[in-house]
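Below is one structure, written out as structure tokens; comments come after it.
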Amino acid sequence: MENNEQILSEIESLREQLNYHNHKYYVENSPEIKDFEFDTLMRRLMDLEAEYPQYADPLSPTVRVGSDRTSEFNSVQHRYPMLSLSNTYSIEELTAFIERIEREWGATEYVCELKFDGTAISLTYEKGRLERAVTRGDGTMGDDVTTNVKTIRSIPLVLSGSGYPDLFEIRGEIFMPYNSFDRLNAEREVAGEQLFANPRNAAAGTLKQQQSAVVAHRGLDCTLYQMAGDNLPFKNHIENLEAARSWGFKVSEYMTLCRGAAEVIAYINHWDEARKSLPYPTDGVVIKVNDFNLRSKLGFTAKSPRWAVAYKFKAESALTTLLSVDFQVGRTGAITPVANLEPVLLAGTTVKRATLHNAEQISALDIRIGDKVYVEKGGEIIPKITEVELSERTADSRPFEYIDHCPECGAELVRYEGEAKHYCPNQSGCRPQIIGRIIHFIRRKAMDIDGLGNETVELLFENGLIGNIADIYTLRANDLAVLPRLGEKSADNIISSIERSKSVPFARVLFGLGIRFVGETTAKYLAAHFKSIDAVMAADKVSLMESDEVGEKIADAIIDYFADPANIEIIERLKEAGLQFEAEQSVRHSDTLEGKNIVISGKFINHSREELKAMIEAHGGKNQSGVNANTDFIVAGENMGPAKLQKAEKLGVKILSESEFIELIGGAVVVEQAPTTQAPTASEQVIQTTLF
Ligand code: IVH
């Protein structure tokens, strides 16, 4: 029988080996062992950790596989604000930027880096261990996505080498390489899920996934390009980043020290072409002053440092012929014109179609059938037409006439005030609208009815089995089993998924109805404010606008929706079927906090910020986003923003800890959660203190 000391040393050795091979594979791209050997070591470690939970480590390489638990993201304040970069598309402007710095400060050293096209992340390491990973957010506050970030294998959980400060932040870009992106979208297509428009959206969306196991599977990568901290080992950028590389971080191998404008421009010219064969998306070059001393002299504008600039590549374009224009009808009746093009090669793919957005765009560009047009691909899947080559226009070309009737059902199109698009108003008789609404209703974020993909919905519609969302609840397994390609088992699964959807909370049902402009968040606010569909239906425009997020446009759309008797009938039938049309009671527990204005700040140990906010309301209090003279007290967790603290002290506002607050309300209660919080106010911005 092995004793515990032996077990612990085996666990430690496995962790070390796995970290080493992980780095070889994901950072250096030079694996030393086969996948199978790696997996065997990983399995052994997982088994040992399961058997000896006393040796658990939140930074063990086993966390890379992620978990199925859902996590929510606490909003935390950045120690140093995350700024953005000023952009230029012009070599002249860039040259002027460099020459001015040279003239005024005599500096010649610039570090040129690729501008990775993903989503920014800030990683905090304490004593060589990853403590926290936070998204940019609004630059002052970001989301704590540590659990998800731990699954990204190129990010070291524990640093190697030596010489790193006890506490520092390192920032970089989380991005999705093209092969991961293609695989993800292919999977989503099969599942009938909406595709990501580009790798940037896919990376940002993935990082906000609630289950880290999903993140682990998506193949994200991360490159680091900026350090922040009080005790960085060097007084310039490039040496710090080289040091970071030696601690295990993935730092771009293409980061280059350039002297003077000519070398910078040569770097840009090289990468404008060479980037096309990189396996990940980039959209420019970032040029940074190397010397930290000079950086601090140059300082910052409100939004960006004066010591760096991003040169953005122009989107790639190609010239081809416009053959015809199709008109697509969306679920809300919105008409989108789509150009059919003579196939042309653009950024590695053959382009046959391009979006034209709306009638105004067509007439602004004066696009005509038969024209030679420029198509561009700016990181989106669907390219767009940017310009007509007028010199190649033939004498017999005629201005394009936009349609005035729906191409699907023939109804006369309408324009709503302030809307660029045309709409088909025939909601209940126009096929793509009916099908689109049903598909929207069953989607994951709404009723989450599994097994009913786009194709099945179309089949059911063609066979006269469903004509609107209420018909879904009249379906029987027998009806489904007769459909081609659908066996008895799948039919049963669909029926039980339909049954389950009857307990989906009211906010998601409201979102599922597909009222124009009522997205997921607005539906949450409406449900929290009105509590029932009857109250939403009875509300006039003014009272609708009392709900957060609801402006005039949304209020009008809601009123229009409920003015249609066909919609009322559908809602009545859905009610009869047993769907949730009332918010779960958010019980008023007491009046302890009646009339009190309360601010929640920082990160809490036992409750999420949303839970605390819901508790405040349940006890009659009011949540405030920023501290002011009316604030009665602050419930403060870890890392409360220094600016808030200062302000609270100045105004003499009382500060309670999480436990003091819970005590005040007589113990924690589980209450229904309000939708997410408001953005922080400008007064919460922290002052820049270091060289970053
Ligand atoms: S430096 C103070 N370097 O571009 C600015 N940013 O438009 C620190 N980005 O938010 C950023 N590659 O998400 C820097 N090599 C690079 C970059 C880079 C991509 C992103 C980053 C930033 C955005 C600014």
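Start at 1 with the first residue, then count along the sequence. Read the numbers this way: they start at 1 and go in the same order the structure lists the ligands and their atoms.
- Closest to atom 21 (C) of ligand 1 by heavy atom, among Tyr225, Phe300, Phe175, is Tyr225.
- Under 4.0 angstrom from ligand 1, there are no non-hydrogen atoms of Thr119.
- Considering both main-chain and side-chain atoms, Glu113 comes within under 3.5 Å of ligand 1 through a nitrogen or oxygen pair.
- Residue-ligand proximity: Thr282 is placed with every non-hydrogen atom at 4.0 Å or more from ligand 1.
- Ligand 1 has no N or O atom lying under 3.5 Å from any N or O atom of Pro305, backbone or side chain.
- Relative ring orientation between Trp247 and Tyr164 is described as perpendicular, the plane-to-plane angle rising above 60° on a 0-90° scale split at 30° and 60°.
- Backbone and side-chain nitrogen or oxygen atoms of Arg136 are examined, and none is located within less than 3.5 angstrom of a nitrogen or oxygen of ligand 1.
- Under 4.0 angstrom from ligand 1, the non-hydrogen atoms of Lys115 come from both its backbone and its side chain.
- Of the options Asp143, Thr147, Val134, Leu207, a side chain to side chain contact (heavy atoms under 4.5 Å, CB included) to Phe73 is made by Asp143 and by none of the others.
- In this structure, Ala308 falls outside the shell of residues with a heavy atom less than 4.0 angstrom from ligand 1.
- Contacts with ligand 1 closer than 4.0 Å are made by side-chain heavy atoms of Lys288 only, the backbone lying farther away.
- Qualifying salt bridge (Lys or Arg N to Asp or Glu O under 4.0 Å) partners for Asp291, counting only residues two or more places apart in sequence or in other chains: none.
- Seen from the ring of Phe517, Lys553 counts as a face-on cation partner, given the 6.0 Å and 45° thresholds.
- At a heavy-atom distance under 4.0 Å, only side-chain atoms of Val286, from C-beta outward, approach ligand 1.
- Atom CG of Asp57 and atom OG1 of Thr62 lie 8.0 Å apart (nearest 0.5 Å).
- A search for salt bridge (Lys or Arg N to Asp or Glu O under 4.0 Å) contacts involving Arg306 returns nothing, not counting sequence neighbours.
- No side-chain donor-acceptor contact under 3.5 Å links Glu263 and Tyr110.
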